[in-house]
2 protein chains.
Amino acid sequence: MPENQHNSSNDNKLVDFEKRCRQHGLKITPQRVAVYKTLVGMDTHPTAEEVCQKVRDEISNISLDTVNRTLHTLSEIGAAFVVEGTGQPRRFDGGLEDHQHFLCMKCGKVIDFHHKPFDNIDIPDELKGQFKILRKTVYLEGLCGMCMHIENKSIIE
Amino acid sequence: MPENQHNSSNDNKLVDFEKRCRQHGLKITPQRVAVYKTLVGMDTHPTAEEVCQKVRDEISNISLDTVNRTLHTLSEIGAAFVVEGTGQPRRFDGGLEDHQHFLCMKCGKVIDFHHKPFDNIDIPDELKGQFKILRKTVYLEGLCGMCMHIENKSIIE
DNA sequence: ATACTATTTAATATCTACTCCTATTTGTCA
DNA sequence: TGACAAATAGGAGTAGATATTAAATAGTAT
């Protein structure tokens, strides 16, 4: 149990991943596993294109379409995440007062809210040394009231 | 001074805006003013396309390119903001451990960091009622070490 | 082992957001 | 008022993402 903790934790990840697929009725294909492994192994935040390049070390003829589709699938079942806001057309905000953003993951709407304690988050000195921080905010994602409502209705029907 | 506080505050905004333009050596064009006024007047987080539609009520033949360019200019001089992450190709993240994101506004790189106190931000009940919150994070933007370095060099040279 | 169905490939098409180009127009400053 | 640099309109071009197709492949449940 001691030694190769790293590998066993990777193995666990894979086992968890396969379990998660089964729970969602998804087949365990080599492509899916390869995309997942590759993504987890990258410490950047790759685009589908970048993941595709790397997966091809393993499955040389995997198509970009599959990688794209798989990445979306992974984020649907919670095995991966989409970095906040990316993949959406650029949105502008003229409100200069302090406020925070909530993104509805379903309809894509961005909704303002304001919670005073979020205005002045304390940044640790360690980060201040590494970066020049120009903006800091709390960012929430989930379902907005409307989409929550629609989802509940579709369960009842 | 009492009565139409609203209008006077709008006027102030415009005066401030024009001052801000002059400080940055930007001309006060009708297009710029119209785009700014329109954006400030919208309480959504419009895309350039949406702003363009609305500005055309005022300047019917303004080009989308101008609106786009102007919106970028506005965010460069701090008269508007780009909503976190938007406008970038979709980026994926397989790291399921708690961490936060820092976006370099110059090179577009997303860098992970981890600050324990950010893992469990307290969401007020008021928001919990309004939304189904699936993710919450602290999000930072600024200049990464590399871009900070480049910027300093170019000042010296 | 078999049959059923999900999945993949590959090529094409489409759409939208954005950027680039160039001639023309227009603020600004002297 | 005139000259210059900045900004704009309009069209063309690019990139990213998605959708469509078809035929081939490969998990999975029985």
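First the proteins, then the strands, lettered A, B, ... as listed; each starts at 1. These numbers come from a predicted model, not from an experiment.
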Item to complete: With heavy atoms under 4.0 Å as the rule, sort B:D65 into base, sugar-phosphate or nothing.
Response: base
Discussion item. Please determine whether the number of non-hydrogen atoms from other residues, nucleotides or ligands lying under 6.0 Å from atom NZ of A:K19 exceeds 12.
Written reply: no
Item to complete: Please name the residue in the list A:T70, A:I28, A:I59 that meets the side-chain contact (heavy atoms from CB on, under 4.5 Å) test with A:V33.
Response: A:I28
Worksheet, complete the sentence: Sorted by position of nearest nucleotide on DNA chain D, 5' first, the leading residue of B:R69 and B:P89 is B:R69
Worksheet item: Does B:S63 make a side-chain N or O approach to OP1 or OP2 of D:dA9 shorter than 4.0 Å?
Response: yes
Item to complete: Look at A:T29 and D:dG27 and indicate whether a side-chain polar atom (N or O) is within less than 4.0 Å of OP1 or OP2.
Response: no
Item to complete: Return the nearest nucleotide to the side chain of B:I28; candidates are C:dT9, C:dT28, C:dT19.
Response: C:dT28
Discussion item. Would you say A:Q88 places a side-chain N or O within less than 4.0 Å of OP1 or OP2 belonging to C:dA17?
Written reply: no
Item to complete: Report which part of the nucleic acid B:I62 touches: base, sugar-phosphate, or nothing (heavy-atom distance under 4.0 Å, all strands).
Response: sugar-phosphate
Could you list, one pair per line, each protein nitrogen or oxygen that sits under 3.5 Å from a nitrogen or oxygen of nucleotides 22-25 of chain C, together with the distance?
none

Which pairs, protein N/O on one side and nucleotides 3-6 of chain D N/O on the other, fall under 3.5 Å?
| residue | atom | partner | partner atom | Å |
| --- | --- | --- | --- | --- |
| D:dA5 | N3 | B:K27 | NZ | 3.4 |
| D:dA6 | O4' | B:K27 | NZ | 2.9 |

Discussion item. Output the rounded distance in Å from CG (B:N68) to C1' (C:dA17).
Written reply: 8 Å
